[in-house]
Asks: 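Let me give you the structure first, and then I'll get to my questions.
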Amino acid sequence: MFIYTVKRFALAGLILIVAVTAMFLMIRAVPGDPVSIMLGPRATPELKASLIEQMALDQPIWKQLLIYYGGLLRGDLGIDVFSGRSVVDIVFQQLPYTLEMIALSVVWSAALGIALGAYAAAHPNTIIDRVAAAVSVSFVAAPAFVVALLALLIFAVQLQWFPAIGVGEGFWGRLNHLVLPSFAIGLSWVGYIARLVRASMLEVLGEGHIRTARAFGISERRIIMSYALRIAILPVVTVIGVGMGFLLSSAVFTEIVFARPGIGKLVIDSITTRNYPVVMGTVLVSTGLFVLSTAIADLLNALLDPRARSTK
Amino acid sequence: MSNSRSELSIILRGVAKDPLGLIGLIIVGTIAVSAIFAAWIVPYDPIGMNIPDRMQGPSAAHWLGTDNLGRDTLSRVIMGGQVALKVALPAVFGAMAIGLTLGMIAGYGPKWLDNLLMLFFDTLRSFPTVMFALAVVALVGPSLQTVVLVVMATSIPTYGRVARTQTLTLRNSEFILAERAMGASMARILGVHMLPNIIGVLGVLAAMDVPTVIALEAGLSFLGLGVKPPTPSWGALLKDGYALIRQTPWLVVGGGLPIILATLGFTFLGESLRDVVDPKLRKNR
């Protein structure tokens, strides 16, 4: 397990290094002089010179890359061109808003999905199972930002049950503002998780120890709740970890639709103002989050299911 | 050739027998037909402005109302389907072709090449899709081609990994060993013998991938970073509708429902195709 952990994190580190280098080279490969693009045509020569010095643009490219890596190691992602604030500060100030929205989405959709999946597996091929299956596929299909827009239109604009924009004040206010966004992000996960749990539950229910438990006369309800479910929800852990990239992507749109602060709003705002250091910093932090959550999901999976360790 | 045609009709018949597959086939067929003949069936010019008729709700003259420039929403929805497929089809087929080639090479070639390609796939996959798309669009500017390229790049790893796994399981099967013993070249083995065995699974993957691509294109256009106005796209409709959500909510419905319908159609079709093409993948259904 120790060797697997080291290997998995080494792979994650390698992926991040390649990703950072690729990003960096891509930005430098864009035709035109980055300084004029960032500052616009009316920048004074002094301003340009100071930015060139600040971003080390007068150095050869490999040296720039090393300087950037040096900064990364010290937790420095550069400076916001406009406000002069550190990019790390800006990104980590916005990140909690995004994470709380994603966390709430995952919690409600996983809870409902697991319940639906377990119920369907306990009553296979009944009408409820079939309906749940069809609904699951349909929910999987709904892109988060379309759901977000329709939810905004129906529940905020027309019915006015929930606030349309912002984050709100106090615990209940904040929660109230989170309802529609996390509904939009979580909806497609309900069906996905339900299908996953149903399939893995049916597999577990066919195994020997469950048959033994049945032979002992333990109630079906207890078998499902305390024996089968514990094993059947393992894949959910992996899927949520691997789905982090997907969740972050949904969060970008949802934040725009509901005008919530967060890294999605940050990256879009920075793109429209051509604030490259902030764009790059946000993309890197979210990539890092994604790589980390995938690695943790793999490790958890290996910890909980020893068979997974040997595959890689 | 006649052989492969009869195979296709067998697959289609199998899909049509499954109720969900039939629904999927009908939805996808409708979208495809209306996209192909869009120019002839639109009731109005999708980019023609008509200021006196602006911001009208649904009526007999404009079934889905008009936007703030008086453009007919239904016409824009139909034309938007064409734009969606123009992005989705090249992106999906491009990604499939590249992913298939790289994946087969990774599965069949030397170990170091395999490791290198896997690292490439893993890296490409490690960017959250939308963040990657936004970074590229920020750098090179929004356009239809950019969207196609970005979408293609992000889905290459999926096809690559599946093609690699399939190649790995096939490479030691008897008919490949026999072919190798007869001195067939790598290109011949991969192209003539492996490809027909892998393409079915990838085709299923492609059908399932189309909705993701359509949603991404719509999402980028919604953010104003996809296809440029006045090109009618479902995402652009959502953008216009969102800006005036209190005045012209029918734009949000007009842009949102086709995306959900298209997603449903392609997902149903893909699921049903999977059951027909590869019954082994069918799990406890």
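Since we're looking at a predicted model, the values are computed, not measured. Below, chains carry the letters A, B, ... as their sequence lines are ordered, and counting in each starts from 1.
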Asks: With rounding to the nearest 0.5 angstrom, report the CG to CG distance, B/L238 to A/L150.
Replies: 8.0 Å
Asks: If the condition is ring pair (Phe, Tyr, Trp, His ring centres under 6.0 Å), which residues does B/F222 pass it with, not counting sequence neighbours?
Replies: A/F145, B/Y242
Asks: Here's a test for you: under side chain to side chain contact (heavy atoms under 4.5 Å, CB included), which of B/I214, B/T263, B/L216 qualifies with A/P143?
Replies: B/T263
Asks: Please report the interatomic distance CG(A/L14) to OG1(B/T123), rounded to the nearest 0.5 Å.
Replies: 7.0 Å
Asks: With rounding to the nearest 0.5 Å, note down the distance linking CD1 in A/I268 to CG in B/L223.
Replies: 4.5 Å
Asks: B/M131 and side chain to side chain contact (heavy atoms under 4.5 Å, CB included): which partner among A/L284, A/V252, A/L248?
Replies: A/V252
Asks: Quick check on A/L149 against chain B: is it the side chain, the backbone, both or neither that has a heavy atom closer than 4.5 Å?
Replies: both
Asks: Considering only heavy atoms, which portion of B/L119 lies under 4.5 Å from any heavy atom of chain A: side chain, backbone, both, or neither?
Replies: side chain
Asks: Specify which of A/G245, A/G288, A/S250 makes the most heavy-atom pairs with chain B at under 4.5 Å.
Replies: A/G245
Asks: Let me know if B/L225 has heavy atoms under 4.5 Å from chain A in its side chain, its backbone, both or neither.
Replies: side chain
Asks: Take a 6.0 Å sphere around OH of A/Y192 and say whether it holds more than 12 heavy atoms from other residues, nucleotides or ligands.
Replies: no
Asks: Where does A/V18 contact chain B at under 4.5 Å (heavy atoms): side chain, backbone, both or neither?
Replies: both
Asks: Among B/A262, B/A215, B/G219, B/A133, who wins on heavy-atom pairs under 4.5 Å with chain A?
Replies: B/G219
Asks: For the pair B/L134 and A/V283, evaluate side chain to side chain contact (heavy atoms under 4.5 Å, CB included) and give the outcome as yes or no after the intermediate values.
Replies: CA-CA 9 Å; B/L134 290 175; A/V283 175; 6.0 Å; no
Asks: Tell me, for B/A218 versus chain A, whether the close heavy atoms (under 4.5 Å) come from the side chain, the backbone, both or neither.
Replies: both
